[in-house]
2 protein chains.
Amino acid sequence: MEMQPELCRVEDALGILVGKWKPIILLILLQNGTKRFSDLKRSIPGITQKMLTNQLRELEEEDIITRKVYPQVPPKVEYSITEYGKSLEPILVAMHEWGTAHTLHKMKKSQQTLFRIE
Amino acid sequence: MEMQPELCRVEDALGILVGKWKPIILLILLQNGTKRFSDLKRSIPGITQKMLTNQLRELEEEDIITRKVYPQVPPKVEYSITEYGKSLEPILVAMHEWGTAHTLHKMKKSQQTLFRIE
DNA sequence: TGGTATAGTATACAAAAGGATACTAAGGGG
DNA sequence: CCCCTTAGTATCCTTTTGTATACTATACCA
């Protein structure tokens, strides 16, 4: 496994995953396969239309998701994860696992702080 | 493995890894264990002192690295990866592996583009 | 006729991240 | 006496990211 800095391809994945709402969008699409724009919006409290559109467009640019428009009124647009997008799952899982352990680490730290203050 | 959006801890790892120079700093320290400030600077072409200091401080904040000052003139400061920091390696490896495959994906895309243009 | 729903766009703004450059202390070498 | 080195700060600026708010078209429903 070549991970010398010169050959480092870590940024490729990072570049795709970075964005305030991208991980959660990907998790939802990984679990459901396909979701409408409005479903995503309802599933992600706090996101604005603009940001949802923006993050979806960026993921589409990278071939991580696809966008299917149904010519109806009112409009219907479905977003789906691609096979290629599914290949990101191991990374998201690794991050999730790490994050779960990290929660414990942070708890220990703040307890230490509490002890010191008392 | 719980990865429902509500329980998502992906952001924890992402928050630590995000930063233009953090992955490369971590890769260097994962390979060497310990490096001086100036060694890091020399190993990372294009980084400014300000950004190196900044990224190191943020990693230190998160207990991913430690900073050891030797009271000498000229100064000597060593940065080392912590045990906790080493736990990020699987994520970096997963990203690196994905990135390596991603390179092929991008090559295919641009070839398609070339064919279409011709 | 007015309200609802969908999937956006347009505009303006605020905040965060990153970059360029100059400056510092304090000992050693010429 | 001046310059070199190290590990930074300080200041200012630009770019990127994210937020808030208002606006659009068009069919359906009451």
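Bear in mind the structure is a predicted one, so any value in this text is a computation, not a measurement. Just so it is clear: chains get the letters A, B, ... in the order the sequence lines come, proteins before strands, and each one is counted from 1.
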Practice prompt. Considering just the side-chain nitrogens and oxygens of A/Arg57, establish if one lies under 4.0 Å of OP1 or OP2 belonging to C/dG8.
Written response: yes
Discussion item. Looking at A/Glu89 and A/Lys86, is any side-chain nitrogen of the basic one under 4.0 Å from a carboxylate oxygen of the acidic one?
Written reply: no
Discussion item. Holding to side chain to side chain donor-acceptor pair (under 3.5 Å), I want the full list of residues that pass it with A/Asp63, two or more places apart in sequence or in another chain.
Written reply: B/His105, B/Lys109
Heteroatom pairs (N/O) under 3.5 angstrom, protein to nucleotides 19-26 of chain D:
| residue | atom | partner | partner atom | Å |
| --- | --- | --- | --- | --- |
| D/dT19 | OP1 | A/Lys20 | NZ | 2.5 |
| D/dT19 | OP2 | A/Trp21 | NE1 | 3.4 |
| D/dT19 | O4 | A/Lys50 | NZ | 2.2 |

Practice prompt. For A/Leu17 and D/dT17, give me the distance from atom CG to atom C1', rounded to whole Å.
Written response: 17 Å
Practice prompt. Could you tell me whether A/Lys22 and A/Glu58 have a side-chain N and a carboxylate O separated by less than 4.0 Å?
Written response: yes
Worksheet item: Hey, does the Lys NZ or Arg CZ of B/Lys35 hover above the aromatic six-ring of B/Tyr79, less than 6.0 Å from the centre and inside 45° of the axis?
Response: no
Worksheet, complete the sentence: Separation of C/dA17 atom P from A/Leu14 atom CG, nearest Å, is 14 Å
Discussion item. Between B/Asp39 and B/Asn32, is the side-chain contact (heavy atoms from CB on, under 4.5 Å) condition met? List the steps.
Written reply: CA-CA 11 Å; B/Asp39 293 333; B/Asn32 298 275; over 6 Å; no
Worksheet item: Is any side-chain nitrogen or oxygen of B/Arg42 closer than 4.0 Å to OP1 or OP2 of D/dT5?
Response: no
Worksheet item: Rounded to the Å, how far apart are B/Gln72 CD and C/dA26 C1'?
Response: 13 Å
Discussion item. Rounded to whole Å, how long is the line connecting atom CD1 of A/Ile24 with atom P of D/dG18?
Written reply: 14 Å
Item to complete: Calculate the interatomic distance between B/Leu40 atom CG and D/dG8 atom P; express it in whole Å.
Response: 10 Å
Response to the item:
To the nearest angstrom, the NZ-P distance between B/Lys35 and D/dA7 comes to 12 Å
Practice prompt. Report which part of the nucleic acid B/Lys41 touches: base, sugar-phosphate, or nothing (heavy-atom distance under 4.0 Å, all strands).
Written response: nothing
Discussion item. Under 4.0 Å, heavy atoms only, any strand: does B/Gln55 hit a base, just the sugar-phosphate, or nothing?
Written reply: sugar-phosphate
Worksheet entry | For atom OH of B/Tyr70 and atom P of D/dG8, their distance in whole Å | 13 Å
Fill in: B/Val73 with B/Val69, same ILVMFWY side-chain cluster at under 4.5 Å
no
Item to complete: Please state how far atom CG in B/Asp39 lies from atom P in D/dT5, giving the value in whole angstrom units.
Response: 15 Å
Worksheet, complete the sentence: Contacts of A/Asn54 and B/Glu78 projected onto DNA chain D by closest heavy atom; the upstream (5') one is B/Glu78
Discussion item. At less than 4.0 Å, is any side-chain N or O atom of B/Arg36 found next to OP1 or OP2 of D/dA7? Yes or no.
Written reply: yes
Fill in: A/Glu60: partners by salt bridge (Lys or Arg N to Asp or Glu O under 4.0 Å), with sequence neighbours left out
none
